[in-house]
Amino acid sequence: MRSRKTVIGLGAILGVIVLWFALTNWFGIIPVGRFPTPAAFWNALKQIELRGYAGSLLHEHAWHSLRLIIISFIVAVGTGVPLGLLMGWNRKAEALINPVFTLIRPIPPLAWIPLAILWLGLGDAAKVMVIWFAAFVPSVINAHAGVRNIDKSVIEAARMLGTPSFRLVTEVILPGALPMIFTGLRLSLQASWTTLVAAELVGALVGIGFVLNVAQQDIYPAMILVGMLTAGALGWFTTFILGLVEKSVLSWSVRGRA
């Protein structure tokens, strides 16, 4: 089944490439000034990796963006998941924290850019703050929902057996909430990449978003496509790694409760 899905996926990618050739090279339906040909894309890719563009090589731009994502995502998970678990587990904590969270939750992450720049300047710290907020909200919401979705009879049975609070949290609450937590982490990671590119459009000197900004100013569609596909490839890679972690942790969780 998995090999069949792989074949179908590769076939779909090949079909998109053929369509790309047809619309640009073969029939000229899409003007080259609006969307690059495969040859123009390949030349732009070689240029940014071999000679550099926007002040750096492609792998340097990619690593800078990836590093910001890793830092922001770890901070968001380290703050959002515990807060969501606390709100789901403790009614008093939820009554205290939820009104504030409900107030700031609808604020778009990009709306924090002016304050982030004002507080932290134009460096990476401001971008980490903006990305952190984008990833923070889904991690809180799904951790909270994960706790609330646990069968109450399981918690009551553990309490009747005299399970200490620490073991109750680590062996009942946390494993029960893990599926929803990882759903939140996937959403957080997606929000991180979306916000990163936008954050790097302002005040950046390196990164994928900076490449897109410079290419737009240079009216360079091929380089814009290089930046877009690089961001997509990095997003796929980080999502794949998170999926491996999820599979490992959830299998451990199931074995631990068995």
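- Contact check for V77 versus L185: side-chain heavy atoms found under the 4.5 Å cut-off.
- With rounding to the nearest 0.5 Å, the separation of CG in L103 from CD1 in I107 is 6.0 Å.
- With values rounded to the nearest 0.5 angstrom, H64 atom NE2 is found 9.0 Å from L196 atom CG.
- For the residue pair I224 and A215, the shortest heavy atom distance occurs at CG1-CB, 3.5 Å.
- F73 approaches L189 most closely through the heavy-atom pair CE1-N, 3.9 Å.
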Intermediate values then yes/no, side-chain contact (heavy atoms from CB on, under 4.5 Å), T79 and W132: CA-CA 10 Å; T79 53; W132 164 81; 3.1 Å; yes
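- Considering only heavy atoms from C-beta on, W119 comes within 4.5 Å of M129 through its side chain.
- Put simply, the side chain of K127 never gets that close to the backbone of I113: no donor and acceptor are under 3.5 Å apart.
- Of the possible donor and acceptor atoms, none in the side chain of N213 sits under 3.5 Å from a partner among the backbone N and O of G209.
- Judged purely by atom type and a 3.5 angstrom limit, T195 has no side-chain atom pairing as donor or acceptor with the backbone of S192.
- More than 12 heavy atoms of other shown residues, nucleotides or ligands fall within 6.0 angstrom of atom CG in L50.
- In this structure, CG in L45 is found 5.0 Å from CZ in F41, a value given to the nearest 0.5 Å.
- One distance of note links OG1 of T238 with CZ of R186; it measures 13.0 Å at 0.5 Å rounding.
- Taking all atoms of both residues into account, the shortest heavy-atom contact from G146 to A177 is C-CB, 3.6 Å.
- Counting only heavy atoms from C-beta outward, the side chains of H61 and E200 never approach each other to under 4.5 Å.
- In the hydrophobic clustering of ILVMFWY residues, with side-chain heavy atoms under 4.5 Å counting as a link, V249 and M180 come out apart.
- Side-chain contact between I181 and L174 is present, with at least one heavy-atom pair separated by less than 4.5 Å.
- A donor-acceptor pair under 3.5 Å is formed between the side chain of S188 and the backbone N or O of A135.
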W63 and H59: CA distance, side-chain angles, deciding distance, side-chain contact (heavy atoms from CB on, under 4.5 Å) verdict: CA-CA 6 Å; W63 168 244; H59 69 271; over 6 Å; no
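- Considering every non-hydrogen atom in both T102 and P106, the closest pair reads O-CD, 3.1 Å.
- Looking at heavy atoms from C-beta onward, E94 lies in side-chain contact with H144 at the 4.5 angstrom threshold.
- You'll find the side chain of I71 stays beyond 4.5 Å of the side chain of I131, heavy atoms only.
- When all heavy atoms of I104 and F133 are compared, the closest pair comes out as O-CZ, 3.2 Å.
- Environment of CZ in R105: sparse, with no more than 12 heavy atoms of neighbouring residues, nucleotides or ligands closer than 6.0 Å.
- Under a hydrophobic-cluster definition in which Ile, Leu, Val, Met, Phe, Trp and Tyr are linked whenever side-chain heavy atoms come within less than 4.5 Å, directly or via other members, V206 and L66 are assigned to different clusters.
- Cluster membership check: F35 shares its hydrophobic cluster with M223, using side-chain heavy-atom separations under 4.5 Å among Ile, Leu, Val, Met, Phe, Trp and Tyr.
- L57 and R51 get closest at one heavy-atom pair: CD2-C, 3.8 Å.
- Between F101 and I141, some side-chain heavy-atom pair lies under the 4.5 Å cut-off.
- Between the side chain of S72 and the backbone N or O of I69 there is no donor-acceptor pair closer than 3.5 Å.
- Summarising the local packing, CD of E246 is surrounded by more than 12 heavy atoms from other residues, nucleotides or ligands at distances under 6.0 Å.
- Residues L225 and L19 share a hydrophobic cluster, clusters being chains of Ile/Leu/Val/Met/Phe/Trp/Tyr side chains in contact below 4.5 Å.
- Using modelled atom types, one side-chain atom of S139 and one backbone atom of F136 make a donor-acceptor pair closer than 3.5 Å.
- P38 places none of its side-chain heavy atoms less than 4.5 Å from the side chain of I17.
- Between the side chain of S248 and the backbone N or O of L244, no donor-acceptor pair lies under 3.5 Å.
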Check against side-chain contact (heavy atoms from CB on, under 4.5 Å), F182 and L242: CA-CA 9 Å; F182 272 102; L242 181 61; 4.2 Å; yes
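- Inspection of the W193 and T239 side chains reveals no N or O donor paired with an N or O acceptor under 3.5 Å.
- Hydrophobic clustering (side-chain heavy atoms under 4.5 Å, transitive across Ile, Leu, Val, Met, Phe, Trp, Tyr) keeps V130 apart from L205.
- The only member of V147, I97, L96 that meets side-chain contact (heavy atoms from CB on, under 4.5 Å) when paired with L86 is I97.
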